[in-house]
Amino acid sequence: MFLLASGAAALDYRVSVVAEGLEHPWSLAELPDGSLLVTERAGRLRVIERGRLRAEPVRGVPDVLAQGQGGLFEVLPDRDFAQNRTLYLSFASGTYFANGTRVLRARFDGRTLDEHATLFVAKPLKHGNVHFGGRMAQLADGSLLIGLGDGFEFREQAQNLASHLGKIVRVMPDGSVPPDNPFVGRAGALPEIYSLGHRNVQGLLYDPQTRGVYAHEHGPRGGDELNRIEPGRNYGWPIVTFGLDYNGAVVSPFTERAGLQAPLLQWTPSIAPAGVTLYRGDAFPTWRDSLFVSALAAREVRRVAFVDGSTGIQETLFTELRERLRDVRVAADGGLYLLTDAKNGKVLRVDPAR
């Protein structure tokens, strides 16, 4: 680990490189023994132990569609990982002409994934290689939330309850549908759907302290959103949006509409949010009760003061790194981990400057 950059201003911090040479790292998880798991979008799962990147990738990772925005996405340890060694992986699966987001459960023995079980496959299959979503969160009852994208060319499907595109879905760890999902028993609706009207979910967070669920998603040109997620609610895309199409055309004349959930906040111009965590650590007391949102286009982390489920002032951090930041996580000891989105991607660690 070596020093990369130091923060100044009112809050001092230092940023160190934990590992580098990772191909577009996408997600990071800390295990109970302190080792780190990192996904590479190209389809590899890597282990960092005692501050060193293990040379050999984990064996038994499923084949992924590593094209465009597709590839291996999130690695999520089960809340009882110390006892059951269970991991969940989300990834793009299929071919350019027929693909979808898939979630796999597997047992991790430290070097190999085995006992594979497919828990979820988004349907219908679509063509193209963008807007897969792929973030996951585990709720108190063990069920999994999975954020999905609209497939870009299929944005109207975000309002179609017969499609998983543009939704957040919820399944149990065995892949079954929770009986209290909001659309169970509704004719023509897929029972896994938890919420709808999303464009491309890139951050998903469950707060066990308040039992709140929060997600952010990419807008088009502007209109990135942070939302509080409630079961059965419609978050509006593409009926309402603060963004324009990439060619400057109006997607919708409406930014709000009765019956549709308004975002907690929106970012215009877009920052391209790409990961989210809630800080309640001790290393940085003034950061407590803040959301941290890593951003690709803005090359920063946005700290959002967060009290009783409401957003407050925002602070821009780590711009001196000049890196596209794919993920942000709180370390067990209260530091932060960052992932840089690059061909030669890095795992960075943020600690107090002492």
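Nothing fancy with the numbering, it's 1 onward along the sequence.
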Establish, from distance only, whether the side-chain atoms of [X] and [Y] form a donor-acceptor pair under 3.5 Å.
X: Arg349; Y: Ser16; answer: no
X: Asp78; Y: Gln138; answer: yes
X: Gln314; Y: Thr316; answer: no

Hey, are [X] and [Y] close enough for a salt bridge, meaning a charged N less than 4.0 Å from a carboxylate O?
X: Arg44; Y: Glu23; result: yes
X: Arg228; Y: Asp207; result: no
X: Arg111; Y: Asp109; result: no
X: Arg85; Y: Asp80; result: no
X: Asp174; Y: Arg105; result: no
X: Arg302; Y: Glu315; result: no
X: Glu192; Y: Arg170; result: no
X: Arg102; Y: Asp63; result: no
X: Glu74; Y: Arg329; result: yes
X: Asp245; Y: Arg221; result: no

If you take the centroid of each ring, where Trp contributes its six-membered ring, are [Y] and [X] closer together than 6.0 Å?
X: Phe97; Y: His127; result: no
X: His164; Y: Phe120; result: yes
X: Tyr214; Y: Phe306; result: yes
X: Phe292; Y: Trp287; result: yes

Quick one: do Leu325 and Trp267 end up in the same hydrophobic cluster if we chain Ile, Leu, Val, Met, Phe, Trp and Tyr together by side-chain heavy atoms under 4.5 Å apart? no
request  = Name the orientation class of the two ring planes belonging to His131 and Phe152 (parallel below 30°, tilted from 30 to 60°, perpendicular beyond 60°).
outcome  = perpendicular
*Considering non-hydrogen atoms only, spot the tightest contact between Val64 and Leu72 and give its length.*
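For Val64 and Leu72, the tightest heavy-atom pair comes out as CG2-N, 4.0 Å.
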_Check whether His198 reaches the backbone of Gly133 with its side chain - one donor and one acceptor, N or O, closer than 3.5 Å._
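Such a contact is absent between His198 side chain and Gly133 backbone.
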Q) Got a sec: does the CD of Glu256 have more than 12 other heavy atoms crowding it under 6.0 Å? A)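 Open: at most 12 neighbouring heavy atoms sit under 6.0 Å from CD of Glu256.
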